Every structure is written in C-alpha cells, then in structure tokens.
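It should be emphasised that the depicted structure is a prediction, and the values quoted were computed from it without experimental measurement. Within every chain, numbering begins at 1; the chains are lettered A, B, ... in the order of the sequence lines, protein sequences first and strands thereafter.
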Number of protein chains: 2
Amino acid sequence: MGRDICFTTEQFYGCACGNLRAATRVVTRQYDEALRPTGLRISQLGPLVAISLFGPISITELAEKMFIDRTTLSRDLRLLQRRGYVRTRAGNDRRFREFSVTPKGQDSMAQALPLWQQAQARMRALLGNDNLKALLAQLSQVIVAASDKS
Amino acid sequence: MGRDICFTTEQFYGCACGNLRAATRVVTRQYDEALRPTGLRISQLGPLVAISLFGPISITELAEKMFIDRTTLSRDLRLLQRRGYVRTRAGNDRRFREFSVTPKGQDSMAQALPLWQQAQARMRALLGNDNLKALLAQLSQVIVAASDKS
DNA sequence: AGACATTAGGTGTATATACATATACATGGG
DNA sequence: CCCATGTATATGTATATACACCTAATGTCT
C-alpha cells in the first residue's frame with residue numbers, strides 16, 4: 001500500500017469516532033456557554049442530575065449508569081463535593097461512599113434548568129424535532145451496542 | 001418549581017449533549033483499544049490523518065477543519081511533534097507554523113489503518129450499515145449547525 | 001514612519017478522560 | 001482464625017479540552 005493513499009478523505013470523513021468527538025466538542029461548547037451564568041458545565045450538571053434522580057448512589061453504580069470510567073467520575077465528584085453540591089455518607093460497608101445532592105446543589109440545578117432548556121431548545125431548532133429524536137435514538141443504540149461486553 | 005422535580009428522568013435522558021458525550025466515551029474506548037498496538041489514540045490519529053490529507057497546514061486552519069479549539073490543538077500537535085510524527089516549517093510570514101507528517105508518522109498511520117478499519121467495521125456490524133450511515137449524516141448536520149456562528 | 005488594529009500562536013489555569021496500579025475493606029474456605 | 005479472593009475506591013500518570021489572557025508579527029491608515 002502506497003504511503004500517500006494510506007487514508008483517503010472519504011475514510012477520514014466516515015470515521016464514526018472522529019465525527020462523534022467533533023460533534024461532542026461543538027455541542028458541549030454550546031451547552032457550556034448557555035450554562036456559564038451558573039458556574040456549572042454540562043459535564044458537571046449531568047452527574048448532579050443523575051445523583052439527584054438515582055441517589056444515594058455509589059460511584060461505581062453511577063459510573064455504570066453514565067458510561068463513565070469509575071476513576072474519572074471519582075475525580076469529577078470530588079470537585080462537586082468541594083464546591084458543596086454533593087455530599088457522601090458512609091454505608092455499613094465502609095468501602096462504599098453513597099453520594100447525594102445537597103440543598104446548595106439543588107439550588108444550582110434549579111438555576112441551571114432553564115438555561116439547559118434553552119440550549120436543548122436551540123439544538124431542537126437547529127436540527128428539527130424529528131432529527132433530534134432520531135439522533136437521540138441513534139446515540140442510545142450506539143451507547144448500548146458499543147458498551148456491551150462481548 | 002419544587003426542588004424534587006427540578007429535572008425529570010425523561011429530560012435527563014433526552015439531553016443531546018449528555019448523550020453525545022456518553023456515546024463518545026464508549027466509542028472512543030473501542031477505537032483506542034483497537035489502536036493500542038500502535039501507541040496512537042484515535043484522538044491523535046485524527047489530526048495526523050488530517051495533516052496528511054490537507055497539509056502543510058497551519059494550526060488555526062486545521063483547528064477550523066476539525067472543530068477543535070486552537071489552543072487545544074496546539075498542545076495536541078506538540079505531543080505528536082515530540083514523538084516525531086509531525087514537523088513544522090516556518091513560512092515567509094513568521095507567525096505561521098505549517099505542519100506536515102514525517103515519514104515516521106506515515107509509517108504509524110499505515111500501521112494504524114487496518115486497526116482503525118477493524119474498529120470501524122465493528123461499529124458497522126454493531127449498528128448495521130444503514131444505521132451507521134444515518135448516524136454519520138446526523139452528526140454532520142449537528143456539527144455544521146452547532147458550529148455555525150450566529 | 002509611527003500608531004493602531006488584526007492575525008497567528010502560545011501560556012496559565014481548570015476540568016474531563018481513562019488505563020495501570022495500589023489500598024482498604026469484606027467474605028469465604030481451609 | 002488466617003489467607004486468598006473479590007469488591008469499592010483512590011492515586012499516578014498521561015492526554016484532551018477550552019476559556020482568558022499574552023506575545024509576536026503583520027497590515028493599514030494617516
């Protein structure tokens with residue numbers, strides 16, 4: 001195989017991972033900009049909401065629900081804890097740390113909700129409601145398929 | 001609005017950004033695992049291929065093509081340069097640094113190509129060819145729409 | 001030519017991500 | 001009871017990401 005045809009432009013533009021990463025970058029910038037007044041990023045609001053919905057919950061359980069590496073989530077939650085948005089409670093099994101959202105964290109979430117909705121509405125307007133639905137369906141399928149241990 | 005209904009599960013699962021980020025995490029892990037023998041991550045192979053296809057090219061131009069922040073790409077390319085995969089050439093305008101791929105970088109790309117193809121084929125098998133096509137089309141639309149300055 | 005704006009790029013700082021590995025605790029078999 | 005195994009979490013290290021700000025080079029207007 002010749003060096004100069006190692007990759008073609010068609011292949012490059014067809015990389016599922018590269019396109020996912022690029023889309024994540026541009027969309028994350030949009031959501032983060034919308035959330036700027038709250039001091040929360042979308043990457044922080046996600047775990048906060050998940051803990052609020054499913055907590056008290058351990059790091060490992062939350063990591064599985066969110067498809068985040070345990071060790072990554074451990075450090076993410078440490079930041080949220082330092083800022084007073086979440087707290088931990090030790091269970092009977094002293095290996096566990098169960099996270100829940102503090103009142104301060106609830107306040108930040110309540111403040112973030114309308115801004116998140118604006119960002120989501122903007123995406124809906126940009127893509128169209130049907131396309132957004134289709135995208136979410138595709139992404140769910142990707143997440144389930146690619147995270148399946150096999 | 002009551003605190004305990006600040007976000008609902010339906011809203012949470014419908015966040016375009018959160019789902020994109022989760023999909024990117026699981027898919028990146030798949031591609032990175034496939035590429036492990038080459039010592040390249042998919043996040044490094046992308047810029048390398050882009051420079052190979054479009055170079056010599058400046059950081060700012062490449063950043064626009066890949067929808068990456070300039071300063072992020074600057075640091076990413078520094079790592080590729082240290083490892084000898086890319087080199088820079090100063091232009092007449094001494095502000096510019098034009099990047100191109102070295103022979104060593106071409107070798108790594110040639111080694112990575114079949115492994116990348118395996119990962120891509122696995123995604124195609126997991127989703128089905130039509131779904132993968134549809135996903136890529138959706139992502140292109142997202143990237144264009146969300147990165148439009150307006 | 002000199003003042004100012006524009007442009008290309010880098011730095012400081014903070015966060016997100018994950019693999020390899022270590023630690024602390026729990027549990028079950030001899 | 002002790003040791004091996006398993007489980008929950010943290011740490012070490014490296015990279016990816018981007019905003020705010022800074023520097024250097026260039027262009028432009030008078």
Checklist entry - C:dG9 P sits how many Å from B:L77 CG, rounded? => result 10 Å
Please produce a list of atom pairs where a protein N or O lies less than 3.5 Å from an N or O of nucleotides 23-25 of chain C.
residue: C:dC25; atom: O2; partner: A:R95; partner atom: NH1; Å: 3.4

Checklist entry - Are any non-hydrogen side-chain atoms of B:L115 and B:L40 less than 4.5 angstrom apart? => result no
Checklist entry - Rounded to whole angstroms, how far apart are CG on A:L20 and C1' on C:dA16? => result 17 Å
Checklist entry - Under 4.5 Å between any side-chain heavy atoms of B:S52 and A:F7, yes or no? => result no
Item to check | Partners passing side-chain hydrogen bond (donor to acceptor under 3.5 Å, both in side chains) against A:R87 (at least two apart in sequence or in another chain) | outcome: A:S100
Next on the checklist: I want to check something: taking the side chain as every heavy atom from C-beta on, are B:M123 and A:V142 in contact at a cut-off of under 4.5 Å?
Outcome noted: yes
Checklist entry - Within the side chain of B:K104, is there an N or O that forms a donor-acceptor pair under 3.5 Å with the backbone of B:R83? => result yes
Next on the checklist: Whether B:T60 contacts C:dT7 is assessed here as follows: a side-chain N or O lying under 4.0 Å from the phosphate OP1 or OP2. Is that the case?
Outcome noted: no
Item to check | Nearest-angstrom distance from the residue atom CD of A:Q30 to P of D:dA18 | outcome: 12 Å
Item to check | Flag, side chain of B:Q30 to backbone of B:A119, donor-acceptor distance under 3.5 Å | outcome: no
Next on the checklist: Could you tell me how far apart A:Q81 (CD) and C:dT15 (P) are, to the nearest whole angstrom?
Outcome noted: 14 Å
Checklist entry - Quick one: does A:L77's side chain get under 4.5 Å of A:L73's, heavy atoms only? => result yes
Checklist entry - So which of residues 31-48 of chain B are in contact with DNA chain D, with a heavy-atom cut-off of under 4.0 Å? => result B:R41, B:S43, B:Q44
May I have the list of side-chain donor-acceptor pairs in residues 16-26 of chain B shorter than 3.5 Å, sequence neighbours left out?
residue: B:N19; atom: ND2; partner: B:Y13; partner atom: O; Å: 2.9
residue: B:N19; atom: ND2; partner: B:C15; partner atom: O; Å: 2.8
residue: B:R21; atom: NH1; partner: A:T28; partner atom: OG1; Å: 3.0
residue: B:T24; atom: OG1; partner: A:L20; partner atom: O; Å: 3.3
residue: B:T24; atom: OG1; partner: A:T24; partner atom: OG1; Å: 2.6
residue: B:T24; atom: OG1; partner: B:L20; partner atom: O; Å: 2.9
residue: B:R25; atom: NE; partner: A:F67; partner atom: O; Å: 3.1
residue: B:R25; atom: NH2; partner: A:M66; partner atom: O; Å: 2.8

Next on the checklist: Quick check: on DNA chain D, is the nucleotide nearest A:F96 upstream (toward 5') of the one nearest A:R25, or the reverse? Name the residue that is more 5'.
Outcome noted: A:F96
Checklist entry - If you look at every strand shown and take non-hydrogen atoms under 4.0 Å, does A:T28 touch a base, only sugar-phosphate, or nothing? => result nothing
Checklist entry - Using a heavy-atom distance cut-off of less than 4.0 Å, which residues of residues 66-75 of chain B contact DNA chain D? => result B:I68, B:D69, B:T71, B:T72, B:R75
Checklist outcome for this item: Of A:F99 and A:R29, the one whose closest nucleotide on DNA chain D sits nearer the 5' end is A:F99
Checklist entry - Just checking, any donor-acceptor pair under 3.5 angstrom between side chains of B:Q120 and B:Y31? => result yes
Item to check | Phosphate contact (C:dT15 OP1 or OP2) by A:R82 side-chain N/O below 4.0 Å | outcome: no
Checklist entry - Any side-chain heavy atom of B:S108 sitting closer than 4.5 Å to one from B:Y85? => result yes
Next on the checklist: Tell me every residue that passes side-chain hydrogen bond (donor to acceptor under 3.5 Å, both in side chains) with A:R36, counting only those two or more places apart in sequence or in another chain.
Outcome noted: none
Checklist entry - Over how many whole Å does the gap from B:I59 atom CD1 to C:dA8 atom C1' extend? => result 9 Å
